[in-house]
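A quick write-up on the structure given underneath.
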There are 2 protein chains.
Amino acid sequence: MLVRINSAHRRPVDGHLAAVAGDRACCSEFRYRRGSEIFGEGEDAEFVYQITSGAVRTYKLLPDGRRQINSFHLPGDMFGFENNEAHRFTAEAITETDVRIMTQSNLLGAMPGQAAGPKNLIGFVTQNLQHAENHMLLLGRKTSLEKVAAFLREMDERLAQPDVLNLPMTRRDIADYLGLTLETVSRSLSTLRDEHILRFDGPTQRRVEILDRDRLSQLDA
Amino acid sequence: MLVRINSAHRRPVDGHLAAVAGDRACCSEFRYRRGSEIFGEGEDAEFVYQITSGAVRTYKLLPDGRRQINSFHLPGDMFGFENNEAHRFTAEAITETDVRIMTQSNLLGAMPGQAAGPKNLIGFVTQNLQHAENHMLLLGRKTSLEKVAAFLREMDERLAQPDVLNLPMTRRDIADYLGLTLETVSRSLSTLRDEHILRFDGPTQRRVEILDRDRLSQLDA
DNA sequence: CGGAACTTTGACGACTCTCAAGCTTCGTGG
DNA sequence: CCACGAAGCTTGAGAGTCGTCAAAGTTCCG
């Protein structure tokens, strides 16, 4: 379910979309409910998205339902750019999520064609590629504990947390990101808790405090 | 070991590098011996490469030596483009390999800044990203037999073989590409042979004839 | 021609998955 | 605000897929 929350002409205040597009022809804002689909694999790619709040998962499915999550997207992240082709994966809101939207063609048209830098389209696609390359190493060659440790380090870094990680995704999401089952994720987290590398904060199991970043790094190969 | 085999001003006759660069400022040619390194992870990215004959593997290593091969590169393929940064993985010649080389800066300078199409840099990086996304699904969620079947389908398609696949890589290379051990790859191939889905051609085990593409596809999820 | 590299196959083991049960948390509606 | 049902999480026991270790045969290359 999609709810429009702003006028189509509201101007963005900061972030990549504005930087990339040169702050023009931008952006509608939309809100997606927890679990709702933003776009589906195979659909024509009409828009590019940037998260203002919430979190998004992008994934592929096998015919029998096995799922591989490519990446999690957090506030500030851009996703859905497809270079004038169909979406190659599905995007869903993990929690209630607000996004800015602009059309792919506006983004392309607004792009000056210059070379390097993280703010242009090549830099954007290259960042995704780099993440995918690192993730292939994780999926193909790391143990379950190493995978979970790497996941926590990634979230720790991306959420830039002073204190407690507030994970938006379920154990199953984490499992499908790491190529594990949710039980194995749970067991690995329990192991890290027993080793006093992390602790769970409060009643929920989604709030995690990293107690020992050094040992966490050691575990991640 | 690197051997120069052509004048620096030989003009390319076809393929991506020429198309991308607009057929100018191109290309020296070099030959690499079996197993020699073309560039190393972390090195400054000076050149972009296109294979004229042979095969190349690109991979990352964990500190303890576990290896994940990102991709195999075959004649016509371009690799090594890094958008003005350091190489993110190592590239090695699998067999004796001839490549065309041009500098990254020439490639960037020669690029007109326009938008879509598979022949420009964004299209090139996007192709790599797409391959990586498919490979994450394979690594995270497919069984050993599905992985080997997918590998054979990929090679069958890319080598565009009328008859027999002549695989340049060892079982260990295949294993490190699929996130398996060489023994598991060997066992899976034997299973496919026993099922009359493929047969080995001649004395070597590197020449494979696909006997039943339909059943091979079914096995690949 | 000889040795190194590669491949296959077997036996065994272990890491991770599957299946299951029970508990906790969350979200919705009364 | 509380209650209830659904969803999420943990933990255990057992099984299975794939990895490890080992040995022998084959191919390749100098």
Side-chain angles (χ1 to χ4, degrees), chain A residues 1 33-36 57 64-68 92 94-96 138-149 166-194 198-208 219 221, chain B residues 1 33-36 57 62 64-68 92 94-96 138-149 151 166-194 198-208 219 221:
Chain A
M1 185 53 61
R33 293 193 324 191
R34 204 168 77 94
S36 62
R57 58 180 169 246
D64 65 359
R66 282 174 283 175
R67 182 177 71 159
Q68 178 63 44
E92 283 176 359
I94 295 176
T95 61
E96 182 165 282
L138 177 147
L139 291 169
R141 287 301 178 216
K142 291 187 182 179
T143 67
S144 58
L145 198 60
E146 289 168 345
K147 286 177 176 181
V148 172
N166 210 332
L167 301 175
M169 67 290 285
T170 68
R171 299 292 189 257
R172 175 174 295 280
D173 287 335
I174 301 173
D176 287 348
Y177 180 58
L178 299 177
L180 299 170
T181 61
L182 65 92
E183 293 94 334
T184 298
V185 170
S186 179
R187 278 185 247 272
S188 299
L189 288 171
S190 297
T191 299
L192 294 173
R193 164 176 48 69
D194 296 345
L198 60 82
R199 68 178 192 81
F200 294 114
D201 181 68
T204 172
Q205 306 294 77
R206 302 277 189 94
R207 294 168 59 84
V208 174
L219 284 178
Chain B
M1 186 53 58
R33 293 192 324 189
R34 205 168 77 93
S36 62
R57 58 182 170 244
L62 290 174
D64 64 0
R66 282 174 283 176
R67 182 178 69 159
Q68 178 62 45
E92 283 176 0
I94 295 176
T95 60
E96 181 165 282
L138 177 148
L139 290 170
R141 286 302 178 215
K142 291 187 183 179
T143 66
S144 59
L145 199 59
E146 291 169 344
K147 287 177 176 182
V148 172
F151 167 76
N166 210 333
L167 301 174
M169 68 289 286
T170 68
R171 299 294 189 255
R172 174 174 295 281
D173 287 335
I174 300 172
D176 287 349
Y177 180 59
L178 299 177
L180 299 170
T181 60
L182 66 93
E183 293 94 334
T184 297
V185 170
S186 179
R187 278 186 247 271
S188 299
L189 288 171
S190 296
T191 299
L192 295 174
R193 163 175 49 67
D194 295 346
L198 61 80
R199 69 180 191 81
F200 293 114
D201 180 70
T204 172
Q205 306 295 77
R206 302 276 187 96
R207 294 167 60 82
V208 174
L219 284 178

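Order of the sequence lines fixes the chain letters, A, B, ..., with proteins taken first and strands second; residue numbering starts at 1 for each chain. All values below were derived from every heavy atom in this structure, side-chain atoms included, with hydrogens, water molecules and symmetry-related copies excluded.
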Under 6.0 Å from the CZ atom of A:Arg172, do we count more than 12 heavy atoms belonging to anything else shown? no
OP1 or OP2 of C:dT8 less than 4.0 angstrom from a side-chain nitrogen or oxygen of B:Arg171, does that happen here? yes
Separation of A:Asp201 atom CG from C:dT24 atom P, in whole Å? 18 Å
Derivation and outcome, side chain to side chain donor-acceptor pair (under 3.5 Å), residues B:Arg187 and B:Thr184: CA-CA 5 Å; B:Arg187 278 186 247 271; B:Thr184 297; 5.2 Å; no
Taking all heavy atoms of A:Arg57 and all of A:Gly35, pick out the closest pair and write down the distance. NH2-CA, 4.4 Å
Could you check whether A:Gly202 gets within reach of a base, just the sugar-phosphate, or nothing at all, counting any heavy atom under 4.0 Å? nothing
State which of C:dC17, C:dC19, D:dC18 makes the closest approach to the side chain of A:Glu183. C:dC19
d(CG, B:Leu145; P, D:dG19) in whole Å: 13 Å
Side-chain donor or acceptor of B:Arg171 paired with backbone N/O of B:Glu183 under 3.5 Å: no
To the nearest angstrom, the NZ-P distance between B:Lys142 and D:dT17 comes to 19 Å
Regarding the side chain of B:Arg34, the nearest nucleotide among D:dC29, D:dT20, D:dC18 is D:dC29
So, is A:Gln205 near the phosphate of C:dT25, with a side-chain N or O under 4.0 Å from OP1 or OP2? no
Quick one: A:Leu167 CG to C:dT25 C1', roughly how many Å, whole number? 16 Å
Just to confirm, is there a sub-4.0 Å distance from OP1 or OP2 of C:dT7 to any side-chain nitrogen or oxygen of B:Arg207? no
Using atom CG of A:Asp176 as one end and atom P of D:dC9 as the other, report the distance to the nearest whole Å. 12 Å
Between P of C:dT25 and CE of A:Met169, the distance in whole Å: 20 Å
Using the side-chain heavy atoms of A:Thr170, tell me which of these nucleotides is nearest: D:dG19, D:dG8, D:dT11. D:dG8
How many Å lie between CZ on B:Arg206 and C1' on D:dT27, as a whole number? 10 Å
Starting from the 5' end of DNA chain C, give me the residue, A:Val185 or A:Pro203, whose nearest nucleotide shows up first. A:Val185
base_contact_polar (D:dG12 base, A:Arg187 side chain, donor-acceptor, <3.5 Å): yes
Can you tell me if the side-chain N/O atoms of A:Thr184 get under 4.0 Å from OP1 or OP2 in C:dC17? yes
Select from A:Phe200 and A:Arg141 the residue whose nearest nucleotide in DNA chain D is closer to the 5' end of that strand. A:Phe200
In whole angstrom, what separates B:Arg193's CZ from C:dT9's C1'? 10 Å
Of all the heavy-atom pairs spanning B:Lys142 and B:Ala221, show the shortest one and how long it is. CE-CB, 4.4 Å
To the side chain of B:Ser190, which of D:dT11, C:dT8, D:dC18 is closest? C:dT8
Identify which nucleotide among D:dT27, D:dT10, C:dT18 has an atom closest to any side-chain atom of B:Thr204, counting heavy atoms from C-beta outward. D:dT27
D:dC18 phosphate, OP1 or OP2: any side-chain N/O from B:Ser144 under 4.0 angstrom? yes
By the 4.0 Å heavy-atom rule, please label B:Leu182 as base, sugar-phosphate, or nothing. base
Any donor-acceptor N/O pair, B:Arg141 side chain to A:Arg67 backbone, under 3.5 Å: yes
